[in-house]
Amino acid sequence: MSQLSETMKQELNQIQPSSILKFNAEIATIPDIVKLTLGEPDFNTPEHVKQAAIESIQNNESHYTDSRGTEGLREAATDFLKAKYGVDYDKDTQILVTTGATEGIFSSLTAMLNPGDTVIIPTPIFPQYIPVTILNGAKPVFVDTSDDGFILSPEKLQAAIEANRDTVKAVVLNFPTNPTGVTYGREDLQKLADVIKQYDIFCLSDEIYSELTYGETHVSMGSILPEQTVLLNGVSKSHAMTGCRIGLICGPVDVIREIAKVHQFAITSATANAQAAAEEAFKNGPDDGQAMRQIYQQRRDLLLKGLQEAGFECASPKGAFYLFAKIPAQLEQDSVAFCYDLAKRAKVAVIPGASFGPGGEGYVRLSYAASTEDLKKAITRIKDYVAQNAES
């Protein structure tokens with residue numbers, strides 16, 4: 001029987017299938033469970049966006065498109081990003097349409113990395129960047145931000161770069177952040193940019209939740225450090241289009257040219273009717289996310305209040321749709337064990353903080369991209385669970 005290459009086997013042995021998806025699948029069979037696990041908006045895609053996809057199918061747009069994405073989508077996306085965040089990209093040379101931000105992560109890191117390189121990854125963080133780094137023969141360098149309000153400080157960034165100066169190739173930013181909901185303001189980003197620009201490295205800035213911020217306007221790293229930033233965005237969260245799998249990579253001309261090669265050989269092109277839908281979303285629905293954002297904020301406040309009443313401490317969530325909650329001291333501190341027990345006894349499913357890297361242990365992530373009814377039910381069950389454990 002044929003075997004995998006020894007090199008690839010070594011890389012694959014360092015990674016495991018997504019612990020988030022694994023946990024979500026394992027608890028899904030528990031009857032009457034309330035799932036606050038995945039980052040899946042419970043809203044429907046806006047009607048005008050759906051109609052654009054339908055019309056695309058009816059017009060027989062079912063063939064290959066330009067691997068960079070349709071011209072209409074690239075133009076609409078660049079106009080959207082410029083109007084919203086002040087980033088200025090050329091539609092022909094500085095933007096690629098990907099199959100979701102996840103493919104953007106893969107294609108970008110694959111183009112950037114050589115075996116032996118290092119990537120600085122502040123944690124806790126969405127874990128996708130870690131296995132992609134390893135698969136490219138590079139090494140993740142984790143910077144635990146849990147003592148700094150889950151914000152990467154310029155001092156810790158500088159120290160991590162200096163400690164890996166001969167190998168560091170990129171710094172990853174993800175904000176508003178999955179799993180904490182914390183985000184970066186302009187002053188925060190400027191301080192990080194002042195560090196990064198001292199070195200010949202990339203900043204991979206994943207801003208897929210940019211339209212879901214509460215109380216402040218999102219600032220893009222692409223507007224502060226355009227010459228070194230590779231920006232990721234898309235329509236999955238802003239327009240409740242996760243299944244359409246449309247993301248964006250934007251950056252300097254010479255960098256995008258090289259990423260485009262990996263992208264082309266990985267997927268050829270994104271789905272034609274999904275691109276038509278995304279074009280409509282950017283062009284005629286730039287503010288579609290506002291109504292969803294208002295409801296998310298109400299849900300955030302509801303869940304935050306309930307958790308605090310139950311004895312959980314939470315990071316200050318200013319974006320996305322997650323709460324990162326510290327498990328009360330009297331309860332099981334192993335986050336995986338805690339989450340399995342909570343699922344079995346209280347019938348509430350949340351994600352172990354350990355899934356998000358150093359600094360995540362002792363925490364759980366709760367998604368409030370769920371109905372208000374489910375959130376209220378979850379709060380009641382969590383409070384009862386905490387009370388029962390206090391009595392035992």
Side-chain angles (χ1 to χ4, degrees), residues 36-37 39 41 85 121-127 142-157 172-192 205-221 237-238 289-290 292-329 331 333 335 338 350-370 372 375 378-379 382-383 386:
L36 307 182
T37 48
Y85 315 123
I121 303 177
T123 60
I125 198 168
F126 177 58
F142 301 119
V143 180
D144 184 348
T145 66
S146 58
D147 291 336
D148 300 301
F150 299 105
I151 289 286
L152 177 63
S153 71
E155 293 80 14
K156 283 190 176 180
L157 174 59
V172 170
L173 291 180
N174 160 242
F175 66 100
T177 303
N178 176 5
T180 66
V182 169
T183 196
Y184 292 80
R186 182 173 296 278
E187 184 177 350
D188 298 316
L189 292 173
Q190 185 61 63
K191 289 178 180 178
L192 295 177
S205 191
D206 184 349
E207 303 177 25
I208 191 67
Y209 293 97
S210 60
E211 281 297 281
L212 299 180
T213 59
Y214 313 113
E216 56 186 78
T217 302
H218 177 79
V219 178
S220 175
M221 192 58 148
K237 315 301 182 181
S238 59
Q290 286 188 3
M292 290 184 280
R293 183 168 63 235
Q294 292 173 359
I295 296 173
Y296 282 138
Q297 185 166 355
Q298 293 169 4
R299 293 174 177 176
R300 178 202 65 177
D301 294 344
L302 171 69
L303 185 58
L304 181 60
K305 182 174 182 290
L307 288 173
Q308 290 173 335
E309 290 173 349
F312 291 79
E313 297 176 14
C314 299
S316 178
K318 296 181 180 179
F321 38 60
Y322 307 106
L323 285 176
F324 205 57
K326 188 171 180 57
I327 302 169
L331 302 179
Q333 291 300 294
S335 60
F338 172 84
V350 300
I351 297 295
S355 297
F356 303 98
E361 187 56 273
Y363 289 81
V364 294
R365 188 194 76 176
L366 302 91
S367 169
Y368 49 89
T372 300
L375 292 175
I379 290 168
I382 290 172
K383 287 181 176 180
V386 173

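Heavy atoms only: backbone and side chains are in, while hydrogens, waters and symmetry mates are out.
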Quick one: pull up [atom1] in [X] and [atom2] in [Y] and give me the separation to the nearest 0.5 Å.
| X | Y | atom1 | atom2 | answer |
| --- | --- | --- | --- | --- |
| Ile379 | Lys305 | CD1 | NZ | 8.5 Å |
| Leu303 | Ile382 | CG | CD1 | 7.0 Å |
| Met292 | Gln297 | CE | CD | 14.5 Å |

Indicate yes or no: at least one non-hydrogen side-chain atom of [X] is less than 4.5 angstrom from one of [Y].
| X | Y | value |
| --- | --- | --- |
| Tyr322 | Thr177 | no |
| Pro179 | Phe126 | no |
| Leu304 | Leu323 | yes |
| Val364 | Ile327 | yes |
| Phe356 | Ile351 | yes |

Are any side-chain N or O atoms of [X] and backbone N or O atoms of [Y], one a donor and one an acceptor, separated by less than 3.5 Å?
| X | Y | answer |
| --- | --- | --- |
| Thr180 | Phe324 | no |
| Thr123 | Pro358 | yes |
| Gln333 | Leu331 | yes |
| Glu211 | Gln290 | no |
| Glu207 | Met221 | yes |
| Arg300 | Pro317 | yes |
| Lys237 | Gly289 | no |
| Thr145 | Pro122 | no |
| Arg365 | Thr37 | yes |
| Arg299 | Ala370 | yes |

(request) Under the side-chain contact (heavy atoms from CB on, under 4.5 Å) rule, what do Leu212 and Tyr296 come out as? Steps first, then yes or no, please. (result) CA-CA 8 Å; Leu212 299 180; Tyr296 282 138; 3.9 Å; yes
(request) Is it possible for you to check whether Lys326 lies under 6.0 Å from the centre of the six-membered ring of Tyr363, through NZ or CZ, and within 45° of that ring's axis? (result)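 Yes, a cation-pi geometry.
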(message) Between Leu189 and Leu173, does the side-chain contact (heavy atoms from CB on, under 4.5 Å) criterion hold? Intermediate values first, please.
(response) CA-CA 10 Å; Leu189 292 173; Leu173 291 180; 4.3 Å; yes
(message) side-chain contact (heavy atoms from CB on, under 4.5 Å), that's the test. Do Leu152 and Tyr184 meet it? Break it down for me.
(response) CA-CA 9 Å; Leu152 177 63; Tyr184 292 80; 3.4 Å; yes
(request) Test side-chain contact (heavy atoms from CB on, under 4.5 Å) on Phe175 and Asp188 and set out the steps. (result) CA-CA 12 Å; Phe175 66 100; Asp188 298 316; over 6 Å; no
(request) Mind running ring-ring contact (aromatic ring centres under 6.0 Å, His included) on His218 and Tyr209 for me, showing each step along the way? (result) CA-CA 9 Å; His218 177 79; Tyr209 293 97; over 10 Å; no
(request) Compute whether any side-chain donor of one residue and acceptor of the other, for Gln298 and Tyr368, lie under 3.5 angstrom apart. (result)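 Checked: Gln298/Tyr368 side chains show no N/O donor-acceptor pair below 3.5 Å.
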(message) If you compare all heavy atoms of Ser335 against all heavy atoms of Gly362, which two are closest, and at what distance to 0.1 Å?
(response)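 Minimum heavy-atom contact is CB-N, 4.1 Å.
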